[in-house]
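Everything on this sheet refers to the single structure shown next.
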Amino acid sequence: MIIRNGIVFGEDLRFQKRDLYIGQGRIVAEEAQADGAEVDAEGLYVIPGLVDVHCHGAVGHDFSDGDPEGLRAILAYQYEHGITTCCPTSMTLPRERILRAMESAAPSVEQRRTARIGGVHLEGPFLSPARSGAHRREDLCLPDVSFLRECDRACKGRVRLVTAAPDLPGVLEWIRALREEYG
């Protein structure tokens, strides 16, 4: 594919009008290596796919609902808006509901024309009651390695981000234990 006349965001972090050549799903150096059709991007900005590391939901769906079809709709919406990689983000809820949300992020939820899941973001329940914001205080808990392992297993090893309050008792030991286990 050749994307012609686009205002392309380059490695020098500037926009420049130019053509892009795509071969085997990657930007290639020369037109001869490009495959397929041409697209005229005159007057359009061409940027890399965006990464959303904190997304609770979209289009009437919430990742914490634990519904694979709802998550698929979220990923499709993001893809349509230039987000190619997403980290679905959970809320502080009862453990069973968090685990159901984690299970919904199984690799099978990704399809053609959806953002791919770069990892799951576990936001809570390891937050401070003094600064819980929108998170349900009754479901907050102290850092728990076994629960984090359970969450990671439920989403097939996709937990990549965890939000935890730095002032909770035992949080430093918890972080050290996770670092040793997960690297």
Side-chain angles (χ1 to χ4, degrees), residues 1 3 9 11 20 22-28 35-36 39 45-127 132-136 139-141 143-166 171 174-175 177-183:
M1 170 184 280
I3 301 174
F9 187 72
E11 291 180 33
L20 278 182
I22 315 284
Q24 297 179 345
R26 299 204 178 277
I27 296 172
V28 293
D35 52 21
V39 173
Y45 287 91
V46 181
I47 63 172
L50 303 172
V51 177
D52 185 345
V53 298
H54 190 131
C55 174
H56 289 285
V59 294
H61 299 280
D62 190 305
F63 171 59
S64 290
D65 291 341
D67 174 22
E69 290 304 315
L71 179 55
R72 192 171 288 121
I74 293 166
L75 296 173
Y77 173 83
Q78 289 190 316
Y79 183 82
E80 290 169 11
H81 292 85
I83 298 167
T84 58
T85 304
C86 162
C87 292
T89 304
S90 66
M91 286 287 293
T92 299
L93 296 165
R95 287 178 181 233
E96 313 78 55
R97 288 195 54 201
I98 293 172
L99 288 169
R100 193 173 15 178
M102 298 295 119
E103 289 169 359
S104 76
S108 61
V109 76
E110 297 164 316
Q111 293 183 340
R112 226 174 150 264
R113 304 193 59 78
T114 65
R116 78 173 190 83
I117 296 174
V120 173
H121 181 174
L122 185 62
E123 184 178 35
F126 314 121
L127 302 174
S132 60
H135 293 264
R136 295 167 39 118
D139 295 317
L140 296 175
C141 63
D144 179 344
V145 172
S146 64
F147 181 59
L148 185 59
R149 280 187 202 120
E150 198 175 350
C151 288
D152 197 42
R153 278 192 304 273
C155 65
K156 309 290 188 236
R158 294 181 129 187
V159 172
R160 293 291 179 274
L161 297 167
V162 179
T163 301
V171 74
W174 179 73
I175 291 169
L178 292 172
R179 194 173 105 208
E180 284 180 27
E181 187 168 336
Y182 292 97

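These numbers come from a predicted model, not from an experiment. For the single chain, residues carry numbers from 1 onward in sequence order.
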Run the side-chain donor-acceptor check on residues 76-88: report pairs under 3.5 Å with partners two or more places apart or on a different chain.
| unit_1 | atom_1 | unit_2 | atom_2 | d |
| --- | --- | --- | --- | --- |
| Q78 | NE2 | D52 | OD2 | 3.0 |
| H81 | ND1 | Y77 | O | 2.7 |

R136 meets the salt bridge (Lys or Arg N to Asp or Glu O under 4.0 Å) criterion, sequence neighbours left out, with E138, D139

Sorted by chain and residue number, the salt bridge (Lys or Arg N to Asp or Glu O under 4.0 Å) partners of E69 (sequence neighbours excluded) come out as R72

Using atom types as modelled, flag every donor-acceptor pair under 3.5 Å from a side chain in residues 91-103 to any protein atom, sequence neighbours excluded.
| unit_1 | atom_1 | unit_2 | atom_2 | d |
| --- | --- | --- | --- | --- |
| T92 | OG1 | H135 | ND1 | 2.8 |
| R95 | NH1 | D144 | OD2 | 3.3 |
| R95 | NH2 | D144 | OD2 | 3.2 |

For R149, all residues meeting salt bridge (Lys or Arg N to Asp or Glu O under 4.0 Å), sequence neighbours excluded: E181

Between S90 and F63, the two heavy atoms sitting closest are N-CD2, 3.7 Å

To the nearest 0.5 Å, what is the distance between CD1 on I3 and CD1 on I27? 7.5 Å

Taking every non-hydrogen atom, the tightest pair across A73 and V59: O-CG2, 3.9 Å

With sequence neighbours excluded, tell me which residues meet side chain to side chain contact (heavy atoms under 4.5 Å, CB included) with I47. F9, F15, L50

Applying side-chain contact (heavy atoms from CB on, under 4.5 Å) to F126 and T163, what does each step give before you reach the verdict? CA-CA 7 Å; F126 314 121; T163 301; over 6 Å; no

Using the test salt bridge (Lys or Arg N to Asp or Glu O under 4.0 Å), find all partners of R158 that sit at least two apart in sequence or belong to another chain. E110

Considering all heavy atoms, the nearest A165-V171 contact: O-CG2, 3.5 Å

Who passes ring-ring contact (aromatic ring centres under 6.0 Å, His included) against H56, sequence neighbours left out? H54

One should read off an interatomic distance between I74 CD1 and T114 OG1, to the nearest 0.5 angstrom, of 11.5 Å

What pairs of residues pass the salt bridge (charged side-chain N to carboxylate O under 4.0 Å, His left out) test when at least one of them lies in residues 112-126, not counting sequence neighbours? none

Atom of A177, atom of V145 and distance for their closest heavy-atom approach: CB-CG2, 4.1 Å

Residue pair I22, V28: steps toward the side-chain contact (heavy atoms from CB on, under 4.5 Å) verdict: CA-CA 6 Å; I22 315 284; V28 293; 6.0 Å; no

Check the pair D152 / Y182 against side-chain contact (heavy atoms from CB on, under 4.5 Å), numbers first and verdict last. CA-CA 11 Å; D152 197 42; Y182 292 97; 3.4 Å; yes

Which atom names give the shortest non-hydrogen contact between K156 and P107, and what distance separates them? CG-CD, 3.9 Å

Nearest heavy atoms of V53 and L161, plus distance in Å: O-CD1, 3.5 Å

